[in-house]
Amino acid sequence: PAGTLALDFDLSRDPLTAKGRLSARDGSMDVDWDLSHSMKQNAGRMSFTAVPLQFPAAGPVLAGLLGQREMLNLQGATLGCKGQLQWSGKQPFAGDIRLGLQDLKGAFQTTTFSGLNGDMEITVDAWALNMSSKALSAQMLDVGLPLTHVSMQTSVRYPFEGKVRMVLKE
């Protein structure tokens, strides 16, 4: 098998509960999770925390999340992830996820960067995805002209709509 799924569960009462750990055999990923689901209310939630991923293991995960495998070359970083998902008959799916980046280095198309640090807040539901960061910083960002000690705030909504604002501060 590619990994191990260990779990404990209690089906004797409502809400049903389960908790466990999902681990890749090569040690590249470990996720602890805790789940509860009320049969009476037809609703539940799952909380999870991933043990921080070190590169190279975090590279494919980040590239996959961004959907840019061909254009994104990630060379080093630590990626932390923590979140909660919930569901009910009223709302099929919603969640809040926090990604923590430490010392990300790489390139996107022709732009290179290093020392990228910060937290990304992701809110997702069945209809939209929102990603924002109050403070991303980079030691170096080279878009054809090298910039050092850059910080920025970001906010992206998918499906894309409305205005986009990006502020770079040096």
Side-chain angles (χ1 to χ4, degrees), residues 1-55 57-72 74 77-102 104 108 116-137 151-168:
T4 304
L5 174 63
L7 61 110
D8 296 304
F9 54 92
D10 184 353
L11 304 177
S12 65
R13 62 177 181 236
D14 194 23
L16 309 173
T17 60
K19 67 180 182 176
R21 175 173 267 214
L22 177 63
S23 300
R25 182 175 22 163
D26 64 2
S28 62
M29 181 174 58
D30 289 306
V31 179
D32 293 317
W33 54 272
D34 186 350
L35 178 137
S36 70
H37 180 81
S38 171
M39 299 297 281
K40 292 176 188 172
Q41 297 178 3
N42 190 27
R45 66 155 189 84
M46 182 176 82
S47 299
F48 60 90
T49 303
V51 173
L53 291 170
Q54 303 290 323
F55 269 86
V61 173
L62 275 176
L65 284 172
L66 298 171
Q68 304 291 333
R69 294 179 195 269
E70 298 82 29
M71 295 184 269
L72 185 61
L74 301 176
T78 300
L79 172 67
C81 183
K82 184 177 187 174
Q84 181 170 303
L85 307 173
Q86 49 276 337
W87 55 90
S88 69
K90 296 175 185 173
Q91 184 167 11
F93 172 77
D96 297 302
I97 302 165
R98 173 177 277 208
L99 293 177
L101 299 172
Q102 292 180 322
L104 182 62
F108 179 74
L116 185 63
N117 295 289
D119 290 330
M120 291 292 297
E121 302 289 335
I122 301 170
T123 303
V124 63
D125 62 30
W127 304 277
L129 170 78
N130 296 300
M131 294 190 317
S132 64
S133 176
K134 293 183 180 166
L136 283 176
S137 63
S151 66
M152 64 189 99
Q153 296 176 331
T154 61
S155 182
V156 177
R157 179 177 172 79
Y158 182 84
F160 300 117
E161 60 183 44
K163 296 179 181 180
V164 175
R165 181 172 191 231
M166 181 179 215
V167 178
L168 295 175

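As a basis for the values below, the full set of heavy atoms in this structure was taken, side chains included, without hydrogen atoms, waters or symmetry mates.
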### Task
State the OG-CG distance between Ser133 and Asn117, to the nearest 0.5 angstrom.
10.5 Å
### Atom pair SG/CE of Cys81 and Met120 - distance to nearest 0.5 Å
12.0 Å
### Summary
Nearest heavy-atom approach of Leu99 to Ile122 is CD1-CD1, 3.7 Å
### Summary
Here the salt bridge (Lys or Arg N to Asp or Glu O under 4.0 Å) pairs for residues 79-96, sequence neighbours left out, are none
### Trp33 side chain near Leu85 side chain, heavy-atom distance below 4.5 Å
no
### Query
Does Trp87 have any side-chain hydrogen bond (donor to acceptor under 3.5 Å, both in side chains) partners at least two apart in sequence or in another chain, and if so, which?
His37
### Phe93 atom CZ: more than 12 heavy-atom contacts under 6.0 Å
yes
#### Entry: Rounded distance [0.5 Å steps], CG in Leu7 versus CZ in Arg21
13.5 Å
### Query
Partners of Thr17 by side-chain hydrogen bond (donor to acceptor under 3.5 Å, both in side chains), sequence neighbours excluded?
none
### Message
Against Ser23, only a single residue in Asp30, Asp32, Thr4 fulfils side chain to side chain donor-acceptor pair (under 3.5 Å); can you say which?
### Response
Asp30
### Query
Between Leu101 and Leu79, is any pair of side-chain heavy atoms under 4.5 Å apart?
yes
### Query
Could you give the distance from NZ (Lys19) to CG (Asp10), rounded to the nearest 0.5 Å?
11.0 Å
#### Entry: Residues forming a side-chain hydrogen bond (donor to acceptor under 3.5 Å, both in side chains) with Asn130, sequence neighbours excluded
Arg157
Without placing hydrogens or testing angles, list every side-chain donor-acceptor pair under 3.5 Å for residues 40-47, not counting sequence neighbours.
unit_1 : atom_1 : unit_2 : atom_2 : d
Arg45  : NH1    : Ser47  : OG     : 3.2
Ser47  : OG     : Gln84  : OE1    : 3.3

### Message
Please report the interatomic distance OG(Ser151) to CG(Leu136), rounded to the nearest 0.5 Å.
### Response
9.0 Å
### Query
Can you name the side chain to side chain contact (heavy atoms under 4.5 Å, CB included) partners of Arg98, sequence neighbours left out?
Asp119, Glu121
